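This report refers to the structure that appears directly beneath it.
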Amino acid sequence: MHHVPLYINGEFTQSSTDKWIDVVNPATQEVLAQVPCATEQEMRAAIDSAQETFKTWKEVPVTERARIMMRYAALLKEHHDELATIICHELGKTFEDAKGDVWRGIEVVEQAANAPSMMMGETVENVARKIDTYSYMQPLGVCAGITPFNFPAMIPLWMFPMAIVCGNTFILKPSEQDPLTPMRLVELFEEAGAPKGVLQVVHGTKEQVDQILEAPEIRAISFVGSCGVGQYIYSKGTQHLKRVQACVGAKNHMVIMPDSKKEQLINNLVGSSVGAAGQRCMGISVAVFVGQSKEWVNDLKEALSKVRPGIWNDPEAAYGPQTTLQAKARILSLIESAKQQGATCLLDGSDCTVEGYEKGNWVGPTLFTDVTTDMDLYKEEIFGPVLACMFVDTLEEAIALINASPYGNGTSLFTSSGAAARKFQHEIEVGQVGINVPIPVPLPFFSFTGWKGSFYGDQHTYGKQGVRFYTETKTITSRWFEDDIASGPNMSINLK
Ligand code: NAD
């Protein structure tokens, strides 16, 4: 049995814990490896090493730090297929989808290589006579990241490259469900020239996260995961006076105007609702049909009924299994509750298997109409290939429906009208908006800007906000005397 190592002070070491968690292939239930719950002493060793390494790492010129990111991006590209294959085995994604997971992470590493320009401060000459003011963005110290299962390459890469290129050291606690991908990312980071101790990897669950939340040395925590855990981490982390950014759950609506291009709309809706097995925080889970567009529901049903899950290297498979048996059971119970609560099930994926892989956590595409906002299917984040359709008469009603949702991660409008698009993008209370784009995840020169109940914190992940999150601004006011002529003490606060 492969025991996943910890990565402490630049060494891959076996944990001495007696608590291990199985890493399971969700298409077969085969146990691929076991991941440790790090002991208190191992957690402490990682924190101490990160704290010690910070003293030297922060002095490494930003250009050198950026060059490591350039080499790292190149190495990740070289190993793109290999990384994707690891994802396929431990998470069950299709090969193409897994490659996308890696690629969207590589883009963040490329952006991290721009650190010298992103870390520029501001200057004003002559703020008073012969006095100048300028600011620097300096690293914070030890930072930490806690990641979810659904993007085991992309989400760790949202975090540690940005933090480290800014001059911080970093402790990563990957999801215990798929730690093999992040471990390979770390090996490649070392190969790219990252010095010992700059990045540490610890494994575990709540107990290990609690030690991160309580450690006084850790200055900032980036979390991505579910709402409940995110609320806990945000409140406990800030109580311990840390900076915390928490990207959490979602319920994303797509609004369909009757003037949309029908074929493109249907294709985009199918891909964004059931793609990646519905396990995307920016996937579409509610389709809001405006006016006559509701007549397209039958076309949607037909398109979805042709889609089927399968294993990662089946070229016909549209998506893979659910991550765990528990996740599948939860989805099936939400499908059942929707039927009990009066929704109409046009397509039911509850009873789905894949030949030769009958033990896999399969759920087929599922489509509901007659969904109301009080149903669990509407209120809960399903995180599965289940789409709820709702019908409204006007764009205003669609906007009001979305604005009443507690979530605000992503939304999308399909239309041919510039006026409708302008109104929607202006009035909608959601942080990431697509116009004829179903999953508007911003590229990393922007930031990932979820709103409302989908994000707790202030500065968002990656982009300029990511740099601000991982740095402290120092403002210097400076004067150089040219002569030794005394002008008497200055008794006011004004600069003279
Ligand atoms: P999760 O919250 O169960 O786990 C996330 C991380 O928190 C894991 O590393 C896990 O070990 C840790 N954790 C779990 N329970 C904990 C506890 N009680 N205390 C402390 N730490 C704990 O999330 P998940 O199921 O891995 O991921 C799916 C969720 O992530 C979905 O809700 C999805 O919307 C969300 N997500 C959000 C974004 C975003 O950008 N907003 C992106 C991806 C995923």
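Whatever order the structure lists ligands and atoms in, that order sets their numbers, starting from 1. In this text the structure is predicted, and so the values were computed from the model without any measurement.
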Report task. Say whether Ser175 and ligand 1 are in contact under the criterion: heavy-atom distance to a ligand atom below 4.0 Å. Result -> yes
Query raised in the report: NZ of Lys236: more than 12 outside heavy atoms within 6.0 angstrom?
Result: yes
Requested in this report: Could you find the nearest protein heavy atom to atom 31 (C) of ligand 1 and give me its residue, atom name and distance?
Outcome: Glu381 OE1, 3.5 Å
Query raised in the report: For ligand 1, which atoms have a heavy atom of Gly249 less than 4.0 angstrom away?
Result: 32 (O), 34 (O)
Query raised in the report: Which residue owns the protein heavy atom closest to atom 24 (P) of ligand 1, what's the atom, and how far is it?
Result: Phe149 CD2, 3.6 Å
Query raised in the report: Does ligand 1 have a heavy atom under 4.0 Å from the side chain of Phe383, from its backbone, from both, or from neither?
Result: side chain
Query raised in the report: Which protein non-hydrogen atom lies closest to atom 36 (N) of ligand 1, naming both residue and atom, and how far is it?
Result: Cys281 CB, 3.7 Å
Query raised in the report: Where is the nearest protein heavy atom to atom 8 (C) of ligand 1: which residue, which atom, and how far?
Result: Thr147 O, 3.2 Å
Report summary line: Heavy-atom proximity to atom 23 (O) of ligand 1, picking from Ser226, Ala246, Gly204, points to Ser226
Query raised in the report: Aromatic rings Tyr234 and Tyr456: how do their planes relate, parallel, tilted or perpendicular, breaks at 30° and 60°?
Result: tilted
Query raised in the report: In ligand 1, which numbered atoms sit nearer than 4.0 Å to a non-hydrogen atom of Lys206?
Result: 17 (C), 18 (N), 19 (N), 20 (C)
Query - Residue Glu191 excluded, over 12 heavy atoms near CD under 6.0 Å - result: yes
Requested in this report: Of the side chain and backbone of Val248, name the one, both, or neither that has a heavy atom under 4.0 Å from an atom of ligand 1.
Outcome: backbone
**Report entry** Arg184 side chain to Leu83 backbone, donor-acceptor under 3.5 Å
**Finding:** no
Query raised in the report: Ile155: heavy atom below 4.0 Å from ligand 1, yes or no?
Result: yes
Report task. Report the nearest protein non-hydrogen atom to atom 16 (C) of ligand 1: residue, atom name, distance rounded to 0.1 Å. Result -> Val229 CG1, 3.6 Å
Query raised in the report: Would you say Phe448 contacts ligand 1, with heavy atoms under 4.0 Å as the rule?
Result: yes
Query raised in the report: Are Phe223 and ligand 1 in contact, using a heavy-atom cut-off of under 4.0 Å?
Result: yes
Requested in this report: Measure the spacing between CG of Leu300 and CG of Leu269 and express it to the nearest 0.5 Å.
Outcome: 5.0 Å
Requested in this report: Look at atom NZ of Lys464 and say whether more than 12 heavy atoms of other residues, nucleotides or ligands are closer to it than 6.0 Å.
Outcome: no
Requested in this report: Identify, for atom 44 (C) of ligand 1, the protein heavy atom at the shortest distance, and state residue, atom and that distance.
Outcome: Asn150 OD1, 3.3 Å
Query raised in the report: Protein heavy atom under 4.0 angstrom of atom 4 (O) of ligand 1, is there one?
Result: no
Query raised in the report: Knowing that exactly one of Phe448, Phe151, Phe170, Phe223 qualifies, which makes a ring pair (Phe, Tyr, Trp, His ring centres under 6.0 Å) with Trp158?
Result: Phe448
Query raised in the report: Can any side-chain N or O of Gln465 pair as donor or acceptor with the backbone N or O of His460 at less than 3.5 Å?
Result: yes
Report summary line: Counting from 1 in the order shown, the ligand 1 atoms closer than 4.0 Å to a non-hydrogen atom of Lys173 are 8 (C), 9 (O), 10 (C), 11 (O)
Query raised in the report: Can you check whether Cys281's main-chain N or O pairs, donor with acceptor, with Asn409's side chain at less than 3.5 Å?
Result: yes
Query - Thr17 side chain to Lys19 backbone, donor-acceptor under 3.5 Å - result: yes
Report task. Just need the protein heavy atom nearest to atom 10 (C) of ligand 1, so name the residue and atom and give the distance. Result -> Glu176 OE1, 3.5 Å
Query raised in the report: Salt bridge or not for Asp178 and Lys93, using N-O below 4.0 Å?
Result: no
Report task. Using a strict 4.0 Å cut-off to heavy atoms of Ile146, name the atoms of ligand 1 that fall inside it. Result -> 6 (C), 7 (O), 9 (O)
Report summary line: among protein heavy atoms, the one nearest atom 27 (O) of ligand 1 is Pro148 CB, 3.2 Å
**Report entry** Contact check, Trp158 vs ligand 1, heavy-atom distance below 4.0 Å
**Finding:** yes
Query raised in the report: In terms of ring plane angle, is the pair Phe149 and Phe383 parallel, tilted or perpendicular, where the classes change at 30° and 60°?
Result: perpendicular
